[in-house]
Every structure is written in structure tokens, then in C-alpha cells.
Student: 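Let me give you the structure first, and then I'll get to my questions.
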Amino acid sequence: MELQLGLRSLPTYNFIENFDLNNDGFEPKDQMLGSKPWISCEDGNNMDSKRSSEVAFGKNTRYASRELPLLLWSGQPNDEDDWNGEKKISCSINKNGEEENRVEGWPPINSWRKKVLHHDQDQARHVMNSSRMTAAGNYENGDGSNSKYVKVKMEGVAITRKIDLRLYNSYQTLTKSLTSMFAKCQNLGNDAARYSLTYQDKDGDWLVAGDVPWQSFMESVQRLKIVRNAG
Amino acid sequence: MGPNPKMRKEFFDSTRSSPFPDEVLERVLSLLKSHKDRSAVSLVCKDWYNAESWSRAHVFIGNCYSVSPEIVARRFPRVKSVTLKGKPRFSDFNLVPENWGADVHPWLVVFAAKYPFLEELRLKRMAVSDESLEFLAINFPNFKVLSLLSCDGFSTDGLAAIATHCKNLTQLDIQENGIDDKSGSWLSCFPENFTSLEVLNFANLNTDVNFDALERLVSRCKSLKVLKASKSISLEHLQRLLVCAPQLIELGTGSLMPELTACQYAQLENAFNQLKNLSTLSGLWEASAPYLPLLYPACTNLTFLNLSYAFLQSHELESLLCQCPHLRRLWVLDTVGDKGLEAVGSNCPLLEELRVFPADPFDEEVIHGVTEAGLLAVSYGCRRLHYVLYFCRQMTNAAVATIVQNCPDFTHFRLCIMNPGQPDYLTNKPMDEAFGAVVRTCTKLQRLSVSGLLTDLTFEYIGQYAKNLETLSVAFAGSSDRGMQCMLEGCPKLRKLEIRDCPFGNAALLSGLEKYESMRSLWMSACNVTMNGCRLLAREMPRLNVEVMKDDGSDDSQADKVYVYRSVVGPRRDAPPCVLTLSEVDEASRCDGSPTNQNPSRYELPSWPHAPCRTGLRWAGFSSLRNLFVVNAWEHCVS
């Protein structure tokens, strides 16, 4: 059962199809970010809402098409006749498609390092999974560099996060950490007591966190969701 | 013992040649190593120019297209060592097409004729083929040192040729290349009587090498100081290698995947115990917690620890750092988090360089990694820090200001806030004041990479304060042409400027006319520069090469990627179809019948000695093949 949030979830990979930066209309979801944090600008120049939206969604902007006209604010237009207040960013897609939804060449990590990290992460996860399955008495006892990443979504927040549950050893530390992360990032300044932490277990059921011992929780949790308490 | 007054008079009499024989002068000058010193020396007078040319054993060419191998060979007849750099740096991030150029082969052909006794070749971002490697291996009997960094176009077959034929090889250093890793058999090509190797770095490669051959090689090369193994080398293998080579100064381990028996673990512990001279440790692929303590005994004298491929947690890092009291350089992944960086601050008082790489750079949902808190913690503990490369997901102006206050000696400040155009996350203001603080406080700053939400104010600050800045990287920043103008009008020592995705247009590009000849190169991609702007630049500045690459499907008038660099040899002739070399296009498109500047005398030759030209820089071209005083042009072209 898919838990429905009050807001439409961000279609992360088809983002651009729903969102034409050349139009003035925006999906209502971007209103959910609270105060658009990136509008204000010291020198008094105006950043129009298109820019703020582009910046606001910079993290989640995926370029599904080859060439994406993006509006970047510019204080003064060029003299050139081909400058008409818009700027095209051509983001050519990586030929093998693995990074098709990203800004080309950003962040600036060199290609070899990227390849190695990508491969090593897969390896690490594979090792972690297989060692969990064998559960033999060898050096690999499950702590140390093993990690367990789960997605965390908060009601009212467009952007999903991911955290490594192995960094925590109790519900208390987990919720404390989540509170500070979400409050800080979203400027929502909410009282944590008004929210509950729920999780989806291996069977796909959504349960309230805290009912089972931490270890059992760790073994069965697949993803987390922070929901507002009713009333 | 005062100077002989007569000799002194003669010495200062500029019409006489030097009072001591050329051989003496050459001998003295041969002690100069720095190429900048040598450049200065060569400008003193004709005799010194000649003596310096004859005594130069190592030549550094920062841009392979700024000069030709023939000119190099004519100027410096006795070179033994060459360093050559090719593609623009943004090729590391896939912004440059693969067939762009920078082929080393034409250089090798000339060197085979002119420098048959060449000993060392260090290439960075060059296109290198297997044929070239084989050519190199066969034609230079004294060849000793090969270093390939970020090159591409070759495979392990080329390495096999090197191993087979280079009887005097002392260094084989293969790093971060786009290499076609076909098989590990190249390593077995070193002859059994080959013993001269001092440096072997094959960390770049993944295919299995014949371990017995490697073990024998390491055993018989008694001078081996540097061994950086690839991931294919297991812990068991490592143990056997270390037993053969306890004298190692730099070690790159293979994979630290857990798979040892207790007995093997103890043996490896012993082996690491023997490594008393180790100053650099790297590799550590797939490092896992239980095996890190193995490294501890070898860490006592470590000055450089490269953990950038090890997914460590903060406590693992801390335990390791406690063992390294003399650490000066540290590279880590951001999996260690701010907590890990606090440990750095607490345990590494001598730290001078810190690089923090992102483990998950492309997963925007992940919130681990490091923040401003981490770097702040380091700055409080490591006051000698002067080099930082920091990938993070949030930063504040206040933090950066404090960081540079703590560590005012930064020479290299490379901050990458990974979300393009992200402001100070606490105040929501642009990051202008952060970089303002950096350039104001760090007067020795040579290299700067900026990121985050930045207006023209950042560039006003940079132009005003960054007096020693040589390399500047800018992305997703700036408000208008003014930003780029500030950079070009300030920054007197600027040599390399690379810009992407900024709203800088033709006015900005053309404001640097006077500047580009004093720089190595300018890169601008995804900005607002047009073809007309580039053509104008090319027309106004014939001694610059202006190259444009267009993206698929982009507007005809847009100049998507622009690369501008000074050169004494004019536009290159090996540009692939996707690269437009504008000087030629410009000339070809002239339809009014006016004579184009195609003859060699397009480059005016001031007579020797001559007055500084407009940029204040002494620039000379050459007007005929006879007169080769490319002195000043040369120095600045290749630096």
C-alpha cells in the first residue's frame, strides 16, 4: 500500500516534462518549500521566480532532454543580437547514458575517480549483502564500513533524503538527528512533537517506529516517513 | 676579497661578452632547476640566453599547442627530460570530445631525431597511442622515466612495449588514465635481468597481473622505493610483496577486502611492521575496519595518507590518524563526515593539505558527507593548512571567513558546494563574502575555485585582492559581464581561467584582449559568448589561438565551448571537425580581397633587446626561420 502524502511526490526522473521553465506556471509543489530561500540577493538585483525555481530545484533538476533551455538570470543583457534575455545551457548527455539526468561534468570529479567510486560502492554493498546472508563467524561482523541507507521523506517536504541507519544505535539518536536535519534544512522550525516517524518494513507495511526493539527495526526497515500527527 | 675593478668594468660594459668562458656560465646555470628562474636568466643578455639554452636539461611545456617540437629542439639542444601537458583541464569532466587532439606522437618523432638520449617523459592530458608507446620504447635507449597522468588512447599493450624494451627504466607511473585495460600480461614483459626499477605505479589498472612475475620483479629491483599496486593485488599478495621490499617509501596497497586467515593476518602485521621508512600510503581499496589496524605500525613516519578510495567512518579514520603524528597531506572521502574531520583537527597539527572527495557526488538525495562544520574543525586544529579541496553540500559565509582567519596561508583554496548556485544555507545570501574573505586574508593565494551562489561582487573582490592568483575556476556564478571583467582587469598574475555556465558574454570576453597573451589559456563553456565575439577576438589578437566547439543542436551563433590560448605557431592543423580554429575561418571568410596575414612575418619581431610591449610583458615572435629569438614569447607560452 503506497502511503499517500498530501502533496504530489516529485517525479524525479521526469521532472522537466512537468515543468517548463519558460512558462510562468509552476507546479504547486514548489510552494511547499516554504520561503523560497534563494530569491534574496544582496546587491538588489532581482532574481525572478524562474531563476529561484531553477536554483531551488537545482538539486533535483534532471535534464531529460538533450538540450534544455534554462533561464538564468542576468543583470544586464548582452549587446549581441542573439541575446534575448535567455541563456541556453546545453547539457550534452553522457554517451553511455548512465548520467543522463545530470549536469554534464558536475560536480567536477575526474572520470576515473567517478568510475572507481561507483564500482567500489556497488562492491561494498554487495559484500555487505552477501556477508549478511552467510552470517559466518569471520572478521566481517556487520559494523565498521557497512552501511544501511534508507530513504527518509517528510510530509510537506518535496525532497527525499537518504540516511545511513548504521550511524545510529537507538530510536532516540535517530529521531534527534532527523529532527535537526529537517528543521535546519527546511526552515520550518517545527516542534518535533507534532510529527511521528513511520517506517515501511520488509512486507511493505507502514508501521509506527518505536514499537519493536531497535535491532528488529534495523533488520526490517526499508524506508522512513515523517508524518504530521492528526489534530 | 673585493672584485677586480677592471673585470667589473668589463662586466658591466654591455658591448663585451661575458668575462668568463661560456662553459663556466653554462656550468653555473646548469645548477638552476626552476624553469621560472631559467626564464628570467635567459632574458639577461644574449650570452646568458645561449648558455641557458645549452644547459637546460628539463623543459616544461604547459600547453602542447603553444609551441612546436621543432622550435623546442632548436632552442634547447640538450634536453633529457620533457614535461608536456595537453588538453584543457575540463576534459577531466568529459567536457572535451575524445578526439580533440594533444597527440604526443609528433613530439616523439621530433624527439627521436633531436633528443635520442631523452631520459624522462611526463605527460598530462595527452592522447597517447600504443604505437606511440612502442615508438618511445624502441627509439630512446636511455629512457628511464615514464609518467602518464590523465592521458588516454592507449592500452596495456603499450605498457607491454615499454616493459619489454626499456632496459634502463627506473620509473613507470600510470595514473588516472583512460586506459584500455586488456590484460595484466604487460607486467610479465619485464625481462628477468631487469633490475633498475625505482617507481612502479599501476594502481590505475584492474586486470590481474601475473603475481609471481610481480613478486620476482619486486625482489630483484633492490632500489624500488615506490610501489602502488592495483586492486587486483590481494592482501595475501601484498604480504609477499612487502616482505621483498621493506625499503619502500611509498606504498599503494591493493584491495583490503577481508579474506585472511588468522595466520595470514599475523604475517601481514609483521610485514607492515617492517616498513619503517614509509612516508606515503595510498590504495586501500575496499578498506574494511578490521584490517585497518594492520597499517598502524607503518604509519609512524607517514606524511601523506591517501584514503580517497576507502569508505571509512569517522571512528575508523580517527584511529588511523592517531598513528600518524607527522601527517602533512590527507585525502579522504566524505564518508568520514564532520566528526571524522574533527578528528583530523585534533590529531594532525602539522597538516598542510586536505582533500575531501564526495563518495556519492551524483546522488542528490544523500545527506551524509561533510558540511562547513568539518572544515571549520580542521582549521582550528591545523593552522598550517595551505591547500584545501573540499566537496560539500552546504557552506556559510561566516564559516569560510573563520576558516581563512585560522589559516591565512592558503595557496590553494578549492571549494565545491555541490549544488550549483546554492547560497549560504543559514542566511540565504550569496557566498560573495566568503570568497571576499578568502582573497582578502590569503595574500599568497595562487589557485582558487569558487562555487555556490555568487554575484559580480565576488569577482570584484577577486580582481581587487587576489594579487598572486594564477589559476581560477568559476562555475554557475556571476551576474553580468562585469564579473568576468573584474577578473581580467585585476589579478595581475592570472595564467589560467576556466569558466562554465556563467552569464558572461562577448563584452566580457573582449575585455580581456590585453590580458590573454599573458595567460596560458582561457576556457569558457556554456556562457553567452557568440561566434561573432570569438571571431572578433581572433581578428584582434593574431597571436592567440581561438578555438570553438559547438554542442549538438545548438544555435549557429552560439559559441558553446571556447578555448583561447597563446601560441607562437599559429592555429593547429590537427583539429578534428568539431573544433573550429577561428583564425583560419576568419581569414578564409574574407571576401574583400585584402591580403591575409598568412606569411611567417605575421609575427612581428622586435629587435634584441627590445622594449616591453603593451601588456608590459616582453613578447617576441619570429619573423623568419633565421631569427629565432622567441625568448620571451617562449617563456610565457610554456609556463
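The model shown is predicted, which means the values in this text are computed figures rather than measured ones. In what follows, chains carry the letters A, B, and so on, assigned in the order in which the sequence lines appear, proteins first and then strands, with residues in each chain numbered from 1.
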Student: Given heavy-atom pairs under 4.5 angstrom as the criterion, report whether the side chain, backbone, both or neither of B:Asn177 touches chain A.
Tutor: backbone
Student: What verdict does the side chain to side chain contact (heavy atoms under 4.5 Å, CB included) test give for B:Phe93 and A:Ile109, after you've listed the backbone C-alpha separation in whole Å, the side-chain angles of each residue and the deciding distance to 0.1 Å?
Tutor: CA-CA 7 Å; B:Phe93 319 129; A:Ile109 319 272; 5.7 Å; no
Student: Measuring heavy-atom distances to chain A, does B:Phe357 have an atom under 4.5 Å in its side chain, in its backbone, in both, or in neither?
Tutor: side chain
Student: Do you know which two heavy atoms are closest between A:Pro108 and B:Phe391, and how far apart they sit?
Tutor: O-CZ, 3.5 Å
Student: State, yes or no, whether a side-chain contact exists between A:Lys114 and B:Asn94 at a heavy-atom distance under 4.5 Å.
Tutor: yes
Student: Working note: A:Arg113 + B:Ser308, criterion side chain to side chain contact (heavy atoms under 4.5 Å, CB included); need CA distance, chi angles, decisive distance, verdict.
Tutor: CA-CA 9 Å; A:Arg113 180 175 288 277; B:Ser308 60; 3.1 Å; yes
Student: Enter the distance from B:Cys416:SG to A:Trp106:CH2 here, rounded to the nearest 0.5 Å.
Tutor: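 Going from the SG atom of B:Cys416 to the CH2 atom of A:Trp106 covers 4.0 Å.
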Student: How about CD on B:Glu98, more than 12 heavy atoms from neighbouring residues, nucleotides or ligands closer than 6.0 Å, or not?
Tutor: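 No - once you tally the heavy atoms of other residues, nucleotides and ligands closer than 6.0 Å, there are 12 at most.
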Student: Can you say whether B:Ile417 sits under 4.5 Å from chain A via the side chain, the backbone, both, or neither, judging by heavy atoms?
Tutor: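 The backbone, not the side chain.
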Student: Let me see the working for A:Val103 and B:Arg500 under side chain to side chain contact (heavy atoms under 4.5 Å, CB included), right down to the final yes or no.
Tutor: CA-CA 12 Å; A:Val103 180; B:Arg500 63 165 292 177; 3.4 Å; yes
Student: More than 12 foreign heavy atoms under 6.0 Å from NZ of B:Lys550: is that the case here?
Tutor: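 Enclosed: over 12 neighbouring heavy atoms sit under 6.0 Å from NZ of B:Lys550.
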Student: If every non-hydrogen atom of A:Trp112 is compared with every non-hydrogen atom of B:Ala203, which pair is closest and at what distance?
Tutor: CZ2-O, 4.0 Å
Student: Crowded around A:Gln222 CD? As in, over 12 foreign heavy atoms under 6.0 Å?
Tutor: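 Yes, the 6.0 Å shell around CD holds more than 12 heavy atoms from other groups.
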Student: Rounded to the nearest 0.5 Å, what separates atom NZ in A:Lys115 from atom CD in B:Glu176?
Tutor: 11.5 Å
